[in-house]
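Structure first, commentary second.
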Amino acid sequence: MLAKPDYLNELKNTGDFLTLSRNNEWHLEASEFALENGTRVTIHDTGVIEFQPRVTTTKDVVLSSAVHGNETAPIEICDSLIKQIISGELELAQRVLFIYGNPKSINIGLRFVEENLNRLFNGHHTVDGTPMNDERVRAAKLEQYVSDFFDRGNAQSARFHYDLHTAIRGSKNEKFAVYPFLHGKPWKKSQLQFLLSCGVNTVLMMKSPATTFSYYSSFVHGADSFTVELGQVKPFGENDMTRFAKTKQTLTALISQNEVEYPQFNAKDFELFSVHRTINRTQEDFSFTFSDDAENFTGFAKGELLAKDGDTSYVADVEGEAIIFPNAKVALGQRALLTVVPMQIDSNFV
Ligand SMILES: O=C(O)CCC(=O)N[C@@H](CCC(=O)O)C(=O)O
Ligand SMILES: [Zn+2]
């Protein structure tokens, strides 16, 4: 039996788990209670809240936001869903774990505090000879919460994790998802249909393991898992929430219905890209040739210079090689740029 901490009455009345998490940046006493409709609510920690409906469920769904604290639109979507669930307005049919990844970084309005949380998953939080910090400790705990959540689900339940982000730059394709490397397993058309229903018609297929939250859930727990980029970073209050309506509706249907029907798959509805290469920053002297407002998915002609890393020049080596997530200010050793090339649906999709 968990303790009944002081915050519980207010949480039951307001449903405001976001403010509670922001007021307790790195730790919150665990607790639990039941809603009138029988759903069990478990607060595991700051930013980590689980809902278990009374009915038999078939899906275990993790919805994370604020892995980067300044990416506010996904936080607003999750805040609204959590409030609707706690008030009883939205009745769940599936188990859901909501995660605000880095509450302190929300408060300071920055991507991270000391270190990019989304480079610390899949065990990278704990490395011999590297001192722990708050983000490393948080990454280790988040992995454990996700593990425990999936472990406690029905053995037959399908597992999902949508890690919701917004991108630093504008994007030619406003919404897009990163499909983590599946180690040869096929990509799922049903997941593309889910993403399309969210308003996401563009998907990037990764070709190697990563240290991201979505790769962790995919690789370790076999979840259908994605990093989903829903637009461009904006401060709280500046998001046009109408641009996220389809995403919110689709997530609502996912967690409140037994089965969701999506339209029939049609390859023409999608723009798919395969990751061509990852360029890491290894030198202090690192720069791009394109401007700070060049958008994601901008393509370059074969032979054009893309970036300089000390004495190394990176030149587009295929026609139309397009840039994703360029960031010249990342820590040394980290990804400064992904490049992608278009791909077609092939036999590796089921
Ligand atoms: O716009 C940017 O430069 C970064 C947006 C962002 O946070 N993207 C994620 C992608 C994670 C993945 O590759 O699955 C990140 O960089 O962590
Ligand atoms: Zn992000």
Test item: Q232 side-chain N/O and S171 main-chain N/O as donor-acceptor pair under 3.5 Å: no

E71 with R111: basic N within carboxylate O range, under 4.0 Å: yes

Close side-chain approach of E271 to N173, heavy-atom, < 4.5 Å: yes

Pair R169-D292, side-chain contact (heavy atoms from CB on, under 4.5 Å): steps then yes or no: CA-CA 8 Å; R169 296 182 180 233; D292 282 348; 4.2 Å; yes

Pair R159 + D60, salt bridge at N-O below 4.0 Å: no

Smallest separation among heavy atoms of A316 and A301, with atom names: CB-O, 3.4 Å

Minimum heavy-atom distance between L28 and I43, given as atom pair plus value: CD2-CG2, 3.7 Å

D151, CG: over 12 other non-hydrogen atoms inside 6.0 angstrom: yes

Exam field: side chain T72 to backbone K234, donor-acceptor pair closer than 3.5 Å: yes

Nearest-0.5 Å distance, CD1 of residue I49 to OG of residue S21: 7.5 Å

Table please: side-chain donor-acceptor pairs of residues 318-329 below 3.5 Å, with sequence neighbours left out.
| residue | atom | partner | partner atom | Å |
| --- | --- | --- | --- | --- |
| E319 | OE1 | K302 | N | 3.0 |
| E321 | OE1 | R277 | NH2 | 3.2 |
| E321 | OE1 | D317 | N | 2.8 |
| E321 | OE2 | R277 | NE | 2.7 |
| E321 | OE2 | R277 | NH2 | 3.1 |
| E321 | OE2 | T339 | OG1 | 2.7 |
| N327 | OD1 | K329 | N | 3.0 |

Inter-residue atom distance S225.OG - L182.CG, 0.5 Å rounding: 9.5 Å

E115 and R136 ion-paired at < 4.0 Å: yes

Residues L11, F33; criterion side-chain contact (heavy atoms from CB on, under 4.5 Å); working and verdict: CA-CA 10 Å; L11 179 62; F33 62 97; 4.0 Å; yes

Verdict with reasoning, E304 to V315, per side-chain contact (heavy atoms from CB on, under 4.5 Å): CA-CA 5 Å; E304 266 188 277; V315 168; 5.9 Å; no

Salt bridge flag under 4.0 Å for residues R22 and D16: no

Backbone N/O of F176 and side chain of T202: donor-acceptor pair under 3.5 Å: no

Results of salt bridge (Lys or Arg N to Asp or Glu O under 4.0 Å) for R335 - residues two or more places apart only: none

Test item: F121 and E143 side chains (from C-beta on) under 4.5 Å apart, heavy atoms: yes

By ring pair (Phe, Tyr, Trp, His ring centres under 6.0 Å) - contacts of Y262 (at least two apart): none

L251 and F194, any side-chain heavy atoms less than 4.5 Å apart: yes

Counterpart residues, ring pair (Phe, Tyr, Trp, His ring centres under 6.0 Å), relative to H44 (two or more places apart): Y145

Check: N116/Q334 side-chain N/O donor and acceptor closer than 3.5 Å: no

D269 side-chain N/O to N201 backbone N/O, donor-acceptor pair under 3.5 Å: no

Centroid separation F300 to F290 less than 6.0 Å: yes

Distance-only donor-acceptor pairs under 3.5 Å for side chains of residues 81-88, two or more places apart:
| residue | atom | partner | partner atom | Å |
| --- | --- | --- | --- | --- |
| K83 | NZ | D79 | OD1 | 3.4 |
| K83 | NZ | D79 | OD2 | 3.2 |
| Q84 | OE1 | K248 | NZ | 3.3 |
| Q84 | NE2 | E89 | OE2 | 3.2 |
| S87 | OG | K83 | O | 3.3 |
| S87 | OG | Q84 | O | 3.1 |
| S87 | OG | E89 | N | 3.3 |

Expected output: side-chain E229 to main-chain A167 donor-acceptor under 3.5 Å: yes

Set of side chain to side chain contact (heavy atoms under 4.5 Å, CB included) partners for S291, sequence neighbours left out: D293, A294

Backbone N/O of E135 and side chain of N133: donor-acceptor pair under 3.5 Å: yes

Non-hydrogen atoms of S218 and F181 that approach each other most closely: OG-O, 4.4 Å

Which residues share a salt bridge (Lys or Arg N to Asp or Glu O under 4.0 Å) with K188, sequence neighbours left out: D224

Exercise: identify the closest heavy-atom pair between P5 and S31: CD-OG, 3.1 Å

Parallel, tilted or perpendicular: rings of F265 and F270 (30°, 60°): parallel

Nearest non-hydrogen partners of A177 and L195, listed with the distance: CB-CD1, 3.9 Å

Side-chain (R138) to main-chain (K141) donor-acceptor, under 3.5 angstrom: no

Any donor-acceptor pair under 3.5 Å from Q94 side chain to L254 backbone: no

Gap between atom CG of L196 and atom NZ of K246 - 0.5 Å precision: 6.0 Å

Side chains of T39 and N37, donor plus acceptor under 3.5 Å: yes

Other ILVMFWY residues reachable from I108 by side-chain steps of under 4.5 Å: W26, L110, V113

Backbone of N258 reached by a side-chain donor or acceptor of K59 within 3.5 Å: yes

Which atom of E25 lies closest to which atom of T46, heavy atoms considered: O-CG2, 3.8 Å

Contact list for residues 207-217, test side-chain hydrogen bond (donor to acceptor under 3.5 Å, both in side chains), sequence neighbours left out: S147-Y216, H161-S217, H183-Y215, S214-T227, Y216-H221

Check: D309 side chain, Q283 main-chain N or O, donor-acceptor pair, under 3.5 Å: yes

Beyond-backbone contact of V67 with L164, side-chain heavy atoms, under 4.5 angstrom: no

Derivation of the ring-ring contact (aromatic ring centres under 6.0 Å, His included) call for F226 and F160: CA-CA 9 Å; F226 295 82; F160 304 92; 9.5 Å; no

Close side-chain approach of Y162 and S64, heavy atoms under 4.5 Å: no

Residues R152 and E50 bridged, charged N to O under 4.0 Å: yes

Side-chain donor-acceptor pair present, S197, T250, cut-off under 3.5 Å: yes

Other ILVMFWY residues reachable from V137 by side-chain steps of under 4.5 Å: M132

Row check, F149 ring normal vs R95 NZ/CZ: under 6.0 Å, within 45°: yes

Between H165 and D163: side-chain donor-acceptor atoms closer than 3.5 Å: yes

Ring pair (Phe, Tyr, Trp, His ring centres under 6.0 Å) involving F236 - partner list, sequence neighbours excluded: none

Partner set under ring pair (Phe, Tyr, Trp, His ring centres under 6.0 Å) for F17, not counting sequence neighbours: none

